[in-house]
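Input: a single structure, listed below in C-alpha coordinates.
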Amino acid sequence: MNEISGPQTTVRDWLARRSYRAEQFPLERLVELRAGARGAEDDVPSVTVVLPAREVAATIGPILAALEPLRAAGVIDELVVIDAASADGTAETARAGGARVVQESEVLAEHGPARGKGDALWRSLAVTRGEIVVFLDSDTEGFDDRFLRGLLGPLLAEPEVAFVKGAFRRPFKLGDTTVPDGGGRVTELVARPLLNLHVPELAGFVQPLAGEFAGRRALLEQLSFPVGYGVEIATLIDSYRLVGLDALAQVDLGERQNRHQSLRALSSMAYAVMVAAERRIAGRDGAAAAREPGPLLLPFGGDLEVREVAMDERPALLRLRRDSAA
Ligand SMILES: O=c1ccn([C@@H]2O[C@H](COP(=O)(O)OP(=O)(O)O[C@H]3O[C@H](CO)[C@@H](O)[C@H](O)[C@H]3O)[C@@H](O)[C@H]2O)c(=O)[nH]1
Ligand SMILES: O=C(O)[C@H](O)COP(=O)(O)O
(Lines give C-alpha, C1' and ligand atoms only; values in the text may rest on other atoms or scores of the structure.)
(Ligands and ions follow the chains in the order given, each with its own letter.)
Protein backbone atom coordinates (compact mmCIF):
# COMPACT_ATOMS: atom_id res chain seq x y z
CA MET A 1 0.00 0.00 0.00
CA ASN A 2 1.23 3.46 -0.80
CA GLU A 3 0.89 5.36 2.41
CA ILE A 4 0.70 9.14 2.37
CA SER A 5 0.79 9.75 6.08
CA GLY A 6 1.07 7.58 9.19
CA PRO A 7 3.98 6.03 11.05
CA GLN A 8 6.11 5.31 7.96
CA THR A 9 6.08 8.91 6.83
CA THR A 10 6.45 10.21 10.36
CA VAL A 11 9.45 7.98 11.02
CA ARG A 12 11.08 8.69 7.65
CA ASP A 13 10.69 12.44 8.12
CA TRP A 14 12.06 12.22 11.62
CA LEU A 15 15.03 10.12 10.49
CA ALA A 16 15.83 12.68 7.82
CA ARG A 17 15.55 15.57 10.25
CA ARG A 18 16.90 14.30 13.55
CA SER A 19 19.68 11.84 12.67
CA TYR A 20 23.22 12.92 13.45
CA ARG A 21 26.67 11.39 13.28
CA ALA A 22 29.34 11.71 15.92
CA GLU A 23 31.75 12.94 13.20
CA GLN A 24 29.68 16.11 12.91
CA PHE A 25 30.87 17.08 16.37
CA PRO A 26 34.65 17.15 16.62
CA LEU A 27 36.09 18.53 19.84
CA GLU A 28 36.68 21.99 18.32
CA ARG A 29 33.01 22.29 17.40
CA LEU A 30 31.90 21.35 20.90
CA VAL A 31 34.34 23.83 22.40
CA GLU A 32 32.93 26.48 20.10
CA LEU A 33 29.35 25.63 21.05
CA ARG A 34 30.31 25.62 24.71
CA ALA A 35 31.96 28.98 24.31
CA GLY A 36 28.58 30.38 23.47
CA ALA A 37 29.03 30.60 19.72
CA ARG A 38 25.25 30.61 19.45
CA GLY A 39 24.60 33.23 22.06
CA ALA A 40 25.60 34.67 25.37
CA GLU A 41 27.90 32.63 27.61
CA ASP A 42 25.11 32.44 30.19
CA ASP A 43 22.93 30.47 27.77
CA VAL A 44 25.39 27.64 27.40
CA PRO A 45 24.19 24.66 29.42
CA SER A 46 26.54 22.90 31.81
CA VAL A 47 27.35 19.24 31.16
CA THR A 48 27.34 16.26 33.52
CA VAL A 49 28.56 12.83 32.46
CA VAL A 50 27.34 9.83 34.46
CA LEU A 51 28.79 6.33 34.20
CA PRO A 52 26.80 3.60 35.99
CA ALA A 53 29.33 0.98 37.00
CA ARG A 54 29.02 -2.56 38.29
CA GLU A 55 32.21 -4.62 38.32
CA VAL A 56 33.84 -2.78 35.43
CA ALA A 57 37.42 -2.39 36.67
CA ALA A 58 38.72 -3.60 33.32
CA THR A 59 36.95 -0.98 31.20
CA ILE A 60 36.38 2.07 33.40
CA GLY A 61 40.04 3.18 33.28
CA PRO A 62 40.32 3.37 29.49
CA ILE A 63 36.89 5.06 29.28
CA LEU A 64 37.91 7.81 31.69
CA ALA A 65 41.21 8.22 29.88
CA ALA A 66 39.34 8.68 26.60
CA LEU A 67 37.13 11.34 28.19
CA GLU A 68 40.02 13.30 29.69
CA PRO A 69 40.69 15.53 26.64
CA LEU A 70 37.04 16.65 26.66
CA ARG A 71 37.28 17.50 30.32
CA ALA A 72 40.56 19.33 29.82
CA ALA A 73 38.92 21.31 27.00
CA GLY A 74 36.08 22.39 29.32
CA VAL A 75 33.36 20.39 27.56
CA ILE A 76 32.57 18.32 30.66
CA ASP A 77 31.76 20.16 33.89
CA GLU A 78 31.08 17.14 36.07
CA LEU A 79 32.12 13.50 35.70
CA VAL A 80 30.53 10.98 38.05
CA VAL A 81 30.89 7.22 38.33
CA ILE A 82 27.93 5.77 40.20
CA ASP A 83 29.18 2.51 41.61
CA ALA A 84 27.08 -0.53 42.51
CA ALA A 85 29.37 -1.50 45.40
CA SER A 86 31.66 -3.25 42.93
CA ALA A 87 34.11 -5.65 44.54
CA ASP A 88 36.64 -5.67 41.70
CA GLY A 89 38.30 -2.30 42.34
CA THR A 90 36.04 -0.30 40.02
CA ALA A 91 35.76 2.62 42.49
CA GLU A 92 39.51 2.89 43.06
CA THR A 93 40.25 2.73 39.34
CA ALA A 94 37.61 5.35 38.63
CA ARG A 95 38.98 7.68 41.29
CA ALA A 96 42.48 7.25 39.91
CA GLY A 97 41.03 8.16 36.50
CA GLY A 98 39.81 11.49 37.88
CA ALA A 99 36.08 10.78 38.33
CA ARG A 100 33.99 11.60 41.36
CA VAL A 101 32.82 8.22 42.64
CA VAL A 102 29.47 7.94 44.36
CA GLN A 103 28.14 4.75 45.91
CA GLU A 104 24.63 4.31 44.52
CA SER A 105 23.03 3.14 47.77
CA GLU A 106 24.33 6.16 49.68
CA VAL A 107 22.27 8.51 47.51
CA LEU A 108 18.62 9.00 48.52
CA ALA A 109 19.34 6.26 51.07
CA GLU A 110 15.84 6.65 52.51
CA HIS A 111 14.66 4.71 49.42
CA GLY A 112 16.63 1.65 50.51
CA PRO A 113 19.50 -0.04 48.69
CA ALA A 114 19.72 0.59 44.95
CA ARG A 115 18.08 -2.19 42.97
CA GLY A 116 19.59 -2.02 39.52
CA LYS A 117 20.84 0.10 36.70
CA GLY A 118 17.77 2.33 36.43
CA ASP A 119 17.94 3.06 40.12
CA ALA A 120 21.60 4.08 39.71
CA LEU A 121 20.72 6.53 36.92
CA TRP A 122 17.85 8.00 38.92
CA ARG A 123 19.99 8.49 42.01
CA SER A 124 22.76 10.03 39.93
CA LEU A 125 20.41 12.86 38.99
CA ALA A 126 20.10 13.74 42.68
CA VAL A 127 23.85 14.22 43.16
CA THR A 128 24.70 16.04 39.94
CA ARG A 129 23.89 19.49 38.62
CA GLY A 130 24.57 19.78 34.90
CA GLU A 131 21.72 21.06 32.75
CA ILE A 132 22.63 18.40 30.21
CA VAL A 133 23.17 14.88 31.54
CA VAL A 134 24.92 12.26 29.45
CA PHE A 135 24.71 8.60 30.47
CA LEU A 136 27.39 6.22 29.23
CA ASP A 137 27.68 2.50 29.96
CA SER A 138 30.99 1.67 31.52
CA ASP A 139 31.47 -1.85 30.17
CA THR A 140 32.22 -0.75 26.62
CA GLU A 141 35.38 -2.21 25.09
CA GLY A 142 37.33 0.03 22.77
CA PHE A 143 35.52 3.13 24.05
CA ASP A 144 36.15 6.27 22.06
CA ASP A 145 35.33 9.91 22.88
CA ARG A 146 32.97 9.99 19.89
CA PHE A 147 30.36 8.44 22.20
CA LEU A 148 30.27 11.58 24.29
CA ARG A 149 30.84 14.01 21.44
CA GLY A 150 27.99 12.47 19.47
CA LEU A 151 25.48 12.52 22.30
CA LEU A 152 26.35 16.03 23.35
CA GLY A 153 26.50 17.60 19.90
CA PRO A 154 22.78 17.79 19.05
CA LEU A 155 21.92 19.05 22.55
CA LEU A 156 24.46 21.86 22.34
CA ALA A 157 23.74 22.71 18.73
CA GLU A 158 19.94 22.43 18.66
CA PRO A 159 18.01 24.12 21.46
CA GLU A 160 14.83 22.26 20.36
CA VAL A 161 16.39 18.85 20.98
CA ALA A 162 15.81 17.57 24.52
CA PHE A 163 16.76 13.89 24.35
CA VAL A 164 19.42 12.07 22.32
CA LYS A 165 19.88 8.34 21.92
CA GLY A 166 22.98 6.59 20.68
CA ALA A 167 22.76 4.34 17.62
CA PHE A 168 25.48 1.86 16.76
CA ARG A 169 26.34 -1.42 15.10
CA ARG A 170 26.66 -4.27 17.54
CA PRO A 171 28.93 -7.20 16.84
CA PHE A 172 28.43 -10.39 18.82
CA LYS A 173 31.69 -11.72 20.21
CA LEU A 174 32.07 -15.27 21.46
CA GLY A 175 35.64 -16.25 22.22
CA ASP A 176 37.64 -15.51 19.10
CA THR A 177 34.60 -15.42 16.85
CA THR A 178 32.82 -12.18 16.03
CA VAL A 179 29.48 -12.03 14.21
CA PRO A 180 28.97 -8.58 12.66
CA ASP A 181 25.59 -7.12 13.66
CA GLY A 182 24.88 -10.22 15.78
CA GLY A 183 24.55 -8.30 19.07
CA GLY A 184 21.54 -6.74 20.72
CA ARG A 185 19.37 -9.81 21.16
CA VAL A 186 16.81 -8.15 23.43
CA THR A 187 16.75 -5.10 21.19
CA GLU A 188 16.01 -7.12 18.06
CA LEU A 189 13.58 -9.64 19.52
CA VAL A 190 11.75 -7.60 22.15
CA ALA A 191 12.31 -3.85 22.20
CA ARG A 192 11.92 -2.86 18.56
CA PRO A 193 9.02 -5.23 17.83
CA LEU A 194 7.28 -3.88 20.96
CA LEU A 195 7.73 -0.28 19.85
CA ASN A 196 6.52 -1.12 16.35
CA LEU A 197 3.40 -2.66 17.78
CA HIS A 198 2.51 0.02 20.30
CA VAL A 199 4.46 3.24 19.66
CA PRO A 200 5.40 2.98 15.96
CA GLU A 201 6.50 6.62 15.88
CA LEU A 202 9.59 5.41 17.77
CA ALA A 203 10.40 2.66 15.24
CA GLY A 204 13.26 4.72 13.84
CA PHE A 205 15.42 4.22 16.91
CA VAL A 206 18.19 1.80 15.98
CA GLN A 207 19.12 1.09 19.61
CA PRO A 208 16.13 1.91 21.81
CA LEU A 209 17.86 0.13 24.71
CA ALA A 210 21.16 1.96 24.36
CA GLY A 211 22.64 2.95 27.69
CA GLU A 212 24.30 5.77 25.77
CA PHE A 213 21.75 8.54 25.94
CA ALA A 214 21.55 12.13 27.05
CA GLY A 215 18.90 14.61 27.97
CA ARG A 216 18.18 17.99 29.37
CA ARG A 217 17.82 17.84 33.14
CA ALA A 218 14.53 19.71 32.92
CA LEU A 219 13.13 16.71 31.02
CA LEU A 220 14.92 13.91 32.89
CA GLU A 221 13.65 15.15 36.24
CA GLN A 222 10.08 14.79 34.99
CA LEU A 223 10.52 11.08 34.23
CA SER A 224 9.93 8.12 36.48
CA PHE A 225 12.73 5.55 36.36
CA PRO A 226 12.21 1.78 36.48
CA VAL A 227 14.88 0.49 38.86
CA GLY A 228 16.28 -2.14 36.50
CA TYR A 229 16.77 -2.70 32.80
CA GLY A 230 13.37 -1.22 31.93
CA VAL A 231 14.88 2.24 32.29
CA GLU A 232 15.87 2.83 28.67
CA ILE A 233 12.61 1.88 27.02
CA ALA A 234 10.70 3.79 29.71
CA THR A 235 12.67 7.01 29.40
CA LEU A 236 12.39 6.85 25.61
CA ILE A 237 8.61 6.39 25.55
CA ASP A 238 8.03 8.95 28.32
CA SER A 239 10.30 11.54 26.72
CA TYR A 240 8.44 11.12 23.44
CA ARG A 241 5.15 11.66 25.17
CA LEU A 242 6.36 14.69 27.08
CA VAL A 243 8.26 16.58 24.40
CA GLY A 244 7.24 14.97 21.09
CA LEU A 245 9.23 13.24 18.36
CA ASP A 246 10.88 16.36 16.98
CA ALA A 247 12.62 16.97 20.31
CA LEU A 248 14.16 13.50 20.16
CA ALA A 249 17.29 12.74 18.15
CA GLN A 250 19.56 9.83 17.47
CA VAL A 251 23.21 9.88 16.70
CA ASP A 252 25.33 7.31 14.95
CA LEU A 253 28.23 6.45 17.25
CA GLY A 254 29.82 3.83 14.99
CA GLU A 255 30.34 0.38 16.48
CA ARG A 256 29.96 -0.72 20.07
CA GLN A 257 31.08 -3.92 21.71
CA ASN A 258 29.40 -4.67 25.03
CA ARG A 259 29.99 -7.48 27.47
CA HIS A 260 27.44 -10.17 26.60
CA GLN A 261 25.22 -11.67 29.23
CA SER A 262 24.08 -15.26 28.72
CA LEU A 263 20.84 -15.80 26.82
CA ARG A 264 19.20 -17.06 30.00
CA ALA A 265 20.32 -14.02 31.97
CA LEU A 266 18.80 -11.86 29.24
CA SER A 267 15.36 -13.34 29.96
CA SER A 268 15.28 -11.09 33.02
CA MET A 269 16.21 -8.04 30.96
CA ALA A 270 13.55 -8.87 28.37
CA TYR A 271 10.96 -9.25 31.14
CA ALA A 272 11.93 -5.89 32.68
CA VAL A 273 11.75 -4.19 29.27
CA MET A 274 8.33 -5.70 28.54
CA VAL A 275 6.87 -4.75 31.90
CA ALA A 276 8.13 -1.14 31.68
CA ALA A 277 6.73 -0.83 28.14
CA GLU A 278 3.44 -2.50 29.05
CA ARG A 279 2.90 -0.09 31.95
CA ARG A 280 3.23 2.79 29.53
CA ILE A 281 1.13 1.26 26.80
CA ALA A 282 -1.78 0.03 28.87
CA GLY A 283 -1.36 2.56 31.66
CA ARG A 284 -0.53 1.61 35.21
CA ASP A 285 -4.17 0.87 35.94
CA GLY A 286 -4.90 -0.83 32.66
CA ALA A 287 -2.68 -3.87 32.74
CA ALA A 288 -3.10 -5.94 35.87
CA ALA A 289 -0.18 -8.19 34.92
CA ALA A 290 2.19 -5.28 34.50
CA ARG A 291 0.95 -3.58 37.66
CA GLU A 292 1.94 -6.48 39.86
CA PRO A 293 4.31 -8.61 37.82
CA GLY A 294 5.20 -11.92 39.41
CA PRO A 295 8.67 -13.41 39.42
CA LEU A 296 9.98 -14.83 36.18
CA LEU A 297 9.26 -18.57 36.13
CA LEU A 298 11.77 -20.51 34.08
CA PRO A 299 11.43 -24.25 33.47
CA PHE A 300 15.09 -25.22 33.41
CA GLY A 301 16.57 -28.66 34.00
CA GLY A 302 13.27 -30.32 34.86
CA ASP A 303 12.72 -27.86 37.70
CA LEU A 304 11.20 -24.42 37.99
CA GLU A 305 13.58 -21.53 38.57
CA VAL A 306 11.81 -18.65 40.28
CA ARG A 307 13.70 -15.49 39.42
CA GLU A 308 12.90 -12.19 41.09
CA VAL A 309 13.23 -9.28 38.68
CA ALA A 310 13.10 -5.80 40.22
CA MET A 311 10.32 -3.87 38.52
CA ASP A 312 9.60 -0.96 40.84
CA GLU A 313 9.73 2.55 39.51
CA ARG A 314 11.21 5.60 41.15
CA PRO A 315 9.11 8.75 41.00
CA ALA A 316 10.14 11.73 38.92
CA LEU A 317 12.65 13.74 40.95
CA LEU A 318 10.65 16.87 40.34
CA ARG A 319 7.62 15.25 41.94
CA LEU A 320 9.69 13.90 44.79
CA ARG A 321 10.98 17.38 45.57
CA ARG A 322 7.52 18.92 45.29
CA ASP A 323 6.07 16.28 47.61
CA SER A 324 8.80 16.71 50.19
CA ALA A 325 8.43 20.49 50.09
CA ALA A 326 4.65 20.23 50.65
O1 LIG B 1 22.73 -3.16 38.43
C2 LIG B 1 23.44 -2.68 37.54
C3 LIG B 1 23.58 -3.26 36.28
C4 LIG B 1 24.40 -2.66 35.35
N5 LIG B 1 25.06 -1.53 35.65
C6 LIG B 1 25.94 -0.89 34.63
O7 LIG B 1 25.12 -0.49 33.56
C8 LIG B 1 25.78 -0.63 32.33
C9 LIG B 1 25.02 -1.52 31.36
O10 LIG B 1 24.70 -2.73 31.98
P11 LIG B 1 24.82 -4.15 31.27
O12 LIG B 1 24.40 -5.20 32.22
O13 LIG B 1 26.17 -4.28 30.64
O14 LIG B 1 23.73 -4.00 30.14
P15 LIG B 1 23.66 -4.66 28.68
O16 LIG B 1 23.55 -6.14 28.78
O17 LIG B 1 24.74 -4.12 27.87
O18 LIG B 1 22.23 -4.05 28.24
C19 LIG B 1 21.78 -3.07 27.31
O20 LIG B 1 20.38 -2.96 27.52
C21 LIG B 1 20.00 -2.56 28.83
C22 LIG B 1 18.47 -2.55 28.90
O23 LIG B 1 17.91 -1.49 28.20
C24 LIG B 1 20.59 -1.21 29.12
O25 LIG B 1 20.30 -0.87 30.46
C26 LIG B 1 22.12 -1.23 28.92
O27 LIG B 1 22.63 0.06 29.10
C28 LIG B 1 22.40 -1.70 27.51
O29 LIG B 1 23.79 -1.72 27.27
C30 LIG B 1 27.18 -1.17 32.65
O31 LIG B 1 28.06 -0.11 32.70
C32 LIG B 1 26.99 -1.80 34.03
O33 LIG B 1 28.20 -1.77 34.76
C34 LIG B 1 24.92 -0.94 36.89
O35 LIG B 1 25.50 0.10 37.14
N36 LIG B 1 24.10 -1.52 37.81
O1 LIG C 1 20.51 -4.59 24.09
C2 LIG C 1 20.40 -5.84 24.09
O3 LIG C 1 19.67 -6.44 23.29
C4 LIG C 1 21.13 -6.59 25.18
O5 LIG C 1 22.07 -5.75 25.76
C6 LIG C 1 21.79 -7.85 24.70
O7 LIG C 1 22.86 -7.55 23.86
P8 LIG C 1 23.78 -8.73 23.26
O9 LIG C 1 22.88 -9.67 22.51
O10 LIG C 1 24.72 -8.01 22.33
O11 LIG C 1 24.49 -9.39 24.40
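For reference, positions follow the sequence shown, starting with 1. Whatever order the structure lists ligands and atoms in, that order sets their numbers, starting from 1.
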Establish, from distance only, whether the side-chain atoms of R129 and T48 form a donor-acceptor pair under 3.5 Å.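 R129 vs T48: no donor-acceptor pair found between side chains.
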
Can [X] and [Y] be counted as an ion pair, charged N to O under 4.0 angstrom?
X	Y	answer
D119	R115	no
E160	R18	yes
D181	R170	no

If you draw the axis of the six-membered ring of [Y], does the NZ or CZ of [X] fall within 45° of it and under 6.0 Å from the ring centre?
X	Y	result
R264	F300	yes
R256	F168	yes
K165	F213	yes

Looking at [atom], what's its closest protein heavy atom, distance included?
atom	value
atom 29 (O) of ligand 1	D137 OD2, 2.7 Å
atom 6 (C) of ligand 1	P52 O, 3.7 Å
atom 24 (C) of ligand 1	E232 OE1, 3.1 Å
atom 7 (O) of ligand 2	R170 NH2, 3.1 Å
atom 14 (O) of ligand 1	Y229 CE2, 3.7 Å
atom 27 (O) of ligand 1	K117 NZ, 2.6 Å

Ligand 1 versus D139: contacting region, heavy-atom distance under 4.0 Å: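 Both the backbone and the side chain of D139 come within reach of ligand 1.
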
What do we get for E188 next to ligand 2 when only non-hydrogen atoms under 4.0 Å count, side chain, backbone, both or neither?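 Neither; nothing of E188 gets under 4.0 Å from ligand 2.
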
Which residue from R54, Q261, E104, M269 reaches closest to atom 34 (C) of ligand 1 through any of its heavy atoms? R54

Counting heavy atoms only, name the option from A53, A120, A84 that's nearest to atom 35 (O) of ligand 1.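 Nearest heavy atom to atom 35 (O) of ligand 1 lies in A53.
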
Please give me the minimum heavy-atom distance between V164 and V161, naming the atom from each residue. CG2-CG1, 3.7 Å

Distance filter under 4.0 Å to T187 heavy atoms, resulting ligand 2 atoms: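 The list of qualifying atoms is 1 (O), 2 (C), 3 (O).
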
Counting each atom of ligand 2 from 1 as listed, which ones have a heavy atom of G184 under 4.0 Å away? 2 (C), 3 (O), 7 (O), 8 (P), 9 (O), 10 (O)

Is the shortest distance from a heavy atom of R256 to ligand 1 less than 4.0 Å?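 The answer is yes, since R256 has a heavy atom less than 4.0 Å from ligand 1.
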
Is G116 near ligand 1, meaning one of its heavy atoms is under 4.0 Å from it? yes

